[in-house]
Number of protein chains: 2
Amino acid sequence: METKKIPDIVVARLPRYLQVLQHMKQEKLVTTNSKVLGDRLGISAAQIRKDLSQFGEFGKQGTGYSVDFLINTLRVILNVTDAWKIVVVGAGDLGHALAHYQGFTNRGFQVSMVFDNDPRLIGKQIGAFTVQDTADLIDKVRAAEIHVAMLTVPASAAQKVAEELVKAGVTAILSYAPIVLNLPHNIQVQYIDPILQLQHMTYYLE
Amino acid sequence: METKKIPDIVVARLPRYLQVLQHMKQEKLVTTNSKVLGDRLGISAAQIRKDLSQFGEFGKQGTGYSVDFLINTLRVILNVTDAWKIVVVGAGDLGHALAHYQGFTNRGFQVSMVFDNDPRLIGKQIGAFTVQDTADLIDKVRAAEIHVAMLTVPASAAQKVAEELVKAGVTAILSYAPIVLNLPHNIQVQYIDPILQLQHMTYYLE
DNA sequence: CAAGATTTGTGAATATTATAGCAATAAATT
DNA sequence: AATTTATTGCTATAATATTCACAAATCTTG
């Protein structure tokens, strides 16, 4: 093992490995190997071994990998051993969907607060959460020490809200707004825009 | 210009270029250049020029690119000059959000049908759509000649529904289910799983 | 317990992707 | 109209990423 700078493209694959391993665990598989993992992911076995070898030696020759051990290892590497609190800003359909989604807990996250600036939504209940006024966002998010946010406001509001989140101490933002956010370099930003992925596919259609 | 095989990684960037160009058009910008585009996208100017040059010569030395012309060109390349009809399967919160979303039309898509297998949802109205029974999916999607689908059913149902979509003639699927689908090679598949992106970011957090 | 079958981790070889740099061209300026 | 400035498209180069292939380690089988 060599602890140099790990390429980001490798880091990006680790969550997928973890996802498949957690499915394997549900299927009661106790051990696996790079060939099987690769087949499930559409990735070569060599790549999986190389990626993992960046972080240590987790397998055993002749046998492969312990599913449980590799899950735990990847959770440590990806920093999701505990659940990160998440703030959702934007209580529209998408915010609703995220606030209701049951899949976060066993993958390292938990929605903790939901905000919106629409008076018709403020105070309303969404599952376990009461929609709070975005005007109070900075104070409340800072007080709760939340560092991860999901942004589901309209594109026109996204930049402003993102800046408020940063002021509140958030350092990782997953934005569903179809615009490029302009934020300090130390802030992690990822985007979800289904249309980008649809257009990627239509390129290959007749 | 050389029409060899275009690398997929280049194709994946084109929708982002188109997105930014459409914003520029809204801002009434008439021309732009690789430097400005690159700054907005966090990509080098050379890369943008190189990517575009794979498809032809669209710029003018000393001036840059016409925003309108480049938008039209990218729409042709990405095959989104007309609007693709989309079927949404799964009428939960996420399906609702997608059915209501106003952003598809001017980017090459239009939701046309919504399905679910839950008797409590079938027949219900979601915006302009009546939720239809998944039992009728194959016939109705085939009859409507829909080739693009968004899958928002629970993970446990996703593989089965995806196979039905393929039988119905769908060749591009955007899946929100957090599992890897197993489908014929000629089917385009893309995934949206916010947790993968959250975990990618937490790797870099303290 | 020896022989054969597996499977890892990794250095070396290949392949792919990104960047640098510049001739060519167009526009702006004097 | 000559000079300067801006910007493309593209070739050459550099940087990254992937795959190959094999010694070493472990398990399986007779």
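Each chain gets a letter, A, B and so on, in the order its sequence line appears, and its residues count up from 1.
- Here Ser34(A) reaches the OP1 or OP2 of dT8(C): one of its side-chain N or O atoms lies under 4.0 Å away.
- Checking dT11(D), dT8(C), dG9(D) against the side-chain heavy atoms of Asn33(A) singles out dT8(C) as nearest.
- Considering only residues two or more places apart in sequence or on other chains, Tyr203(A) meets the ring pair (Phe, Tyr, Trp, His ring centres under 6.0 Å) condition with none of them.
- If you check dA18(C), dG9(C), dC10(D) against the side chain of Ile9(B), the one that comes closest is dA18(C).
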Under 3.5 Å, which N/O atoms of the protein pair with N/O atoms of nucleotides 21-23 of chain D?
{"from": "dA21(D)", "atom 1": "N6", "to": "Arg49(A)", "atom 2": "NH2", "distance (Å)": "3.2"}

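- Below 30°, between 30° and 60°, or above 60°: for Tyr204(B) and His200(B) the angle between ring planes is between 30° and 60°, a tilted geometry.
- In this structure, the NZ atom of Lys5(B) is 12 Å from the C1' atom of dT16(C), given to the nearest Å.
- Proximity note for Gln47(B) (side chain, C-beta onward) versus dA18(C), dT8(C), dT17(C): the nearest is dA18(C).
- Glu163(A) and Gln159(A) are linked by a side-chain donor-acceptor pair at a separation below 3.5 angstrom, with hydrogens and angles left out of the test.
- Taking side-chain N and O atoms only, Thr63(A) has no distance below 4.0 Å to OP1 or OP2 of dT7(C).
- Five base pairs at each end of the helix from dC1(C)-dG30(D) to dT30(C)-dA1(D) define two local axes, and these are offset by 20° (rounded to 10°).
- Listed pair Lys60(A) / dC27(D) meets the phosphate criterion, a side-chain N or O lying under 4.0 Å from OP1 or OP2.
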